[in-house]
Amino acid sequence: MDLQTVWFVAVAVLWTGFLLLEGFDFGVAALLPVIGRKPADRHLMLRSIGPLWDGNEVWLITAAGAVFAAFPGWYATWLPALYLPFVLVLFGLIIRAVAFEWRHSHHTAQWDSTWTNVIVTGSLIAALGVGAALGGTTLGLPIDGDGIRVGGAFAGVTWAALLGGVAVLAYSMVHGAVFLALKTEGPVRVAARAFARRWSLVAAVPLLAWAGLVQLRSGTTVTAVLWLVAALAVLATWASIRLDREGPAFTAWAVVMLASAATVFGAVYPVVVVSSIDPAFDVTIAEASVSDYTLTVMTWAAGVGLPVVLGYQAWTYWVFRKRLTAEPETPATAAGDTVTA
Amino acid sequence: MDVLDVARWQFGITTVYHFMMVPLTIGLGILLVVMHTMWVRTDNPEWLRMTRFWGRIYLINFVLGVATGLVQEFQFGLAWSEYSRFVGDVFGSLLALEALLAFFLESTFLGLWIFGWGRIPKKVHLAALWAAVIGSIVSAYFIIAANSWMQHPVGVVTDDATGRPQQVDFLAVLSNNTALAAFSHTIVGSLMVAAALLVGIGLWHLRKRRLAGLSPDDVDHAVWRRSVRIGGYASLIAFVLVAITGDYQAKLMYQQQPLKMSSAEALCETEAPAPFSVFAFGKVGSNECDDVHSWTVPALLSYLAHGDFETAVPGVNQLQEEYSAAYGATYPDDPSFGDKAGEPIDYTPLLAVTYWNFRLMIGMGMLSAGVAAYALWSTRRGRVPTSRIGVYGSLLAVGAPFVANAAGWIFTEMGRQPFVVYPNPDVPREDQVYFFTAQAVSPGVSAAEVWTSLITLTVVYGALAVVELWLIVNFVRRGVTTSDGAPTPGHTPDGDPDADVTPGSASTRRADDDDVLSFAY
């Protein structure tokens, strides 16, 4: 494999990691008004993602950074083509981030519900927007031979982009529900299970449609098999939830994203920005990439850095592995936890 | 205004705003590490209270820095796509490495620190804060290395096929002397920001307690007193380092970007020895150097630039001619230059901006150091200042190092115009890599789009600034006698710092405040 392909894979892995990890915290946030009936429930839901969301969001910063670093031609075509949609995503991410932290810096019911609503709104915008951006670059953006968008500020917001947005949001909501079922105890767990049971089949449809369209356009036999794996994983998720097996459900639902993303990126390779005007205008990794020297430097840095990052992120997940309940913890249980950890 | 101007305003506004949070995050992080480490080593409840009080402010501020940092990364692609294409071989990898090697460290371990109170062993918990703060500092290095490469491109050759810089020496990019100078100057400058906060708030609380007749023997008093003392010493030490690193940086800048420095001094003609301008009058805003006159100190500028009192310092007028000869008197008549195509190039940065921001930076830094000295003097041997002017002045002066930091960056960024990538004079002319700001903007994006984002971001940032200030002021007024000093399960310190909390106060209003998450969530 040449270095450009290695970095295409690396970028695909980073985006997939982001969709998997931030996916459940987007989902938990989007579910706040759906299954968080009481303030205590909503508080519990937020606690379940509290220590994790910021680390998850770094996957987005790293994924975008890796696109810039390895394929500046992709970065410089993709972002301006969706200028205002990206600004909207940034807006969503900004208000969401501050809301997580500020919500607990002042104590009134009004303050609490306002910032909770901000978290919900920001997460919805960000999930839809990032999905739309990825849908756009893999299904088609109106770019000309110079990589410049044609047709005005909203020309990039096509049905393809909308499909990507809906796919990511729908996936994330079920992902968040399964995560909550796995992570909490009490009424939230019950409601989350019910949500996942009802919606898992439907929520997978836009994601499978997106992957299917990329597959039809430029897929291979391998990616066709991957698409089938994704479809089977949807059924496996649904069956696991029916049987109240939360661990397998979470794993199967993660496989849905892994296989779908692998289908999308595998089928679109070696194109990084698909032109909806003319396939001749597609931007490929060869045109978009930096020099082999720079890719080599980054390969070394990532080869050393990434395992360490994965190691300590996994460790944090392990530290916060305990199921959460809505009841305030007593000092005795917390102290006991210290001993075991 | 055309796209270029709007995009520049947007970059300036969002960057200066972002850089209000960043120095506080870096500086307060360093001081927080000291406080938390002292608590773990001594088990003294005063250190715990300090860690929790200043830690809370750290977090309120940190998150806004993170949120606004997102805009910084995406902006390069959104509004400056031609810049991104041009510098892609060097610049993007520094941003990616910053995310991989610094942001993950920072965010993961900060999450662990916030939620780890009482959950993980004390020393591991302390190590989490160390890791997060080291992450911030590493992040500062990468982004400054990226910026310094724009100021002084090294480690590259021109790719003949594309005309763009191609990286040949990554270690040269990382060890760029411009980056080392700017990094050290920025870190100590950040320390001054946090130190001023400790001094201002600490003095205000000390005076308030004294006027209310509260005992100087309890933990609270010790917390504020220690905050003032630590802040005062940190500020003075940082000021000395700021001066040393700044002097080194200025000498370097005289070699690398002489026009920036000469316009900061309003030095029109080459002079030997060259005088230092203390204060300018005349038409500083006209951008005609000869309209500016100033009070000067003879030969001092030669010393600042070259370390002796004789050597000539080139003036703006000569440099303007030299640059015109080397890089052209007019922009090429090419559509990639937009409205600027075929227009004459002004190689002199805006005189008023560079001149006054340079002085604002130095002046505000000196003011802050003066306040720190006053704070140390007025609290010597257990004294508490009662001077209303002194204490409120110190509180107001919390803003001084913020202004100094912003002014320094505005100076250095505006001072390199009209280039976004400044030619490196150590490289032969034909091998130099440079890029005009006028070429950098995204060609497919309309002025209306950039206006929309500029207005949206400015309004959002403004609203967030109001909330952030309100939260911090509210929190500061409450002081440390809240749940923030509460003993954490599994961490119960010696003594009972929380004895003065009464039922119904902020600390008991919410039942969940007492759980392990009460620190931040």
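In what follows, every heavy atom counts, from backbone to side chain, and hydrogens, waters and symmetry copies are set aside. Convention: sequence-line order gives letters A, B, ...; per-chain numbering from 1.
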Between A:Gly55, A:Pro80, A:Pro72, which has the largest tally of heavy atom pairs under 4.5 Å with chain B? A:Pro80
Most contacts with chain A, counted as non-hydrogen pairs under 4.5 angstrom, among B:Ala79, B:Gly88, B:Gly111: B:Gly88
A:Trp78 versus chain B, heavy atoms under 4.5 Å apart: side chain, backbone, both or neither? neither
Under a 4.5 Å cutoff for heavy-atom pairs, which residue among B:Leu97, B:Val467, B:Leu101 has the most contacts with chain A? B:Val467
Can you tell me which portion of A:Trp111 sits under 4.5 Å from chain B's heavy atoms? Options are side chain, backbone, both or neither. side chain
Under 4.5 Å from a heavy atom of chain B, the part of A:Ala40 involved: neither
Measure distances from B:Glu468 to the heavy atoms of chain A and classify the residue's part below 4.5 Å as side chain, backbone, both or neither. both
Counting heavy-atom pairs under 4.5 angstrom with chain A, the leader among B:Leu78, B:Thr456, B:Asp159, B:Thr108 is B:Leu78
Identify which part of A:Ile148 has an atom lying under 4.5 Å from any heavy atom of chain B, answering side chain, backbone, both or neither. side chain
Part of A:Thr77 lying under 4.5 Å from any heavy atom of chain B: both
Side chain, backbone, both or neither: which part of B:Gln167 has an atom under 4.5 Å from a heavy atom of chain A? both
When the ring planes of B:His125 and B:Trp117 are compared, do they come out parallel, tilted or perpendicular, using 30° and 60° as the limits? perpendicular
Relative to chain A, which segment of B:Val66 carries a heavy atom at a distance below 4.5 Å: side chain, backbone, both, or neither? side chain
Is A:Leu90 close to chain B through its backbone or its side chain, or both, or neither, when contacts mean heavy atoms under 4.5 Å? side chain
Taking side chain as everything from C-beta outward and backbone as N, CA, C, O, which of these in B:Tyr83 sits under 4.5 Å from a heavy atom of chain A? Side chain, backbone, both or neither. neither
Select one option (side chain, backbone, both, neither) describing which atoms of B:Phe62 are under 4.5 Å from chain A's heavy atoms. side chain
Given a strict heavy-atom distance threshold of 4.5 Å, which part of B:Leu471 is in contact with chain A: side chain, backbone, both, or neither? side chain
With a 4.5 angstrom heavy-atom cut-off, could you sort out which part of A:Tyr83 is near chain B: side chain, backbone, both or neither? both
Decide yes or no for B:Asp89 and B:Arg164: does some side-chain heavy atom of the first lie under 4.5 Å from some side-chain heavy atom of the second? no
Would you say A:Trp102's side chain and B:Ile60's backbone share a donor-acceptor pair under 3.5 angstrom? yes
Measure B:Val460 against the heavy atoms of chain A and call it side chain, backbone, both or neither at under 4.5 Å. side chain
Most heavy-atom pairs under 4.5 angstrom with chain A, which of B:Asn474, B:Leu464, B:Thr452, B:Leu95? B:Leu464
Is a side-chain donor or acceptor of B:Ser336 paired with a backbone partner of B:Gln439 at a separation under 3.5 angstrom? no
What is the distance from atom OG1 of A:Thr294 to atom CZ of B:Phe91, rounded to the nearest 0.5 Å? 14.0 Å
Any donor-acceptor pair under 3.5 Å linking the side chain of B:Tyr141 with the backbone of B:Leu174? yes
Angle class for the B:Phe475/B:Phe53 ring planes (parallel below 30°, perpendicular above 60°, tilted otherwise)? parallel
Considering only heavy atoms, which portion of A:Val98 lies under 4.5 Å from any heavy atom of chain B: side chain, backbone, both, or neither? both
Residue selection (most heavy-atom pairs with chain B, distance under 4.5 Å) from A:Val87, A:Leu295, A:Ile143, A:Leu84: A:Leu84
Pair B:Ile13-B:Leu454, side chain to side chain contact (heavy atoms under 4.5 Å, CB included): steps then yes or no: CA-CA 9 Å; B:Ile13 289 172; B:Leu454 170 62; 3.8 Å; yes
Proximal component of A:Tyr312, with respect to chain B [non-hydrogen, under 4.5 Å]: both
Leading residue by heavy atom contact count with chain B [cutoff under 4.5 Å; candidates A:Thr62, A:Leu93, A:Leu14, A:Leu82]: A:Thr62
Contact class of B:Leu105 relative to chain A, heavy atoms under 4.5 angstrom: both
Which bit of A:Asn56 comes within less than 4.5 Å of chain B, counting heavy atoms only: side chain, backbone, both or neither? neither
For B:Ser453 and B:Glu449, which I'm curious about, is there any donor-acceptor pair between the side chains at under 3.5 Å? no
In Å and rounded to the nearest 0.5 Å, what is the CD1 to CD distance from B:Ile455 to B:Gln10? 10.5 Å
Under 4.5 Å from any heavy atom of chain A, what part of B:Val124 do you find: side chain, backbone, both or neither? side chain
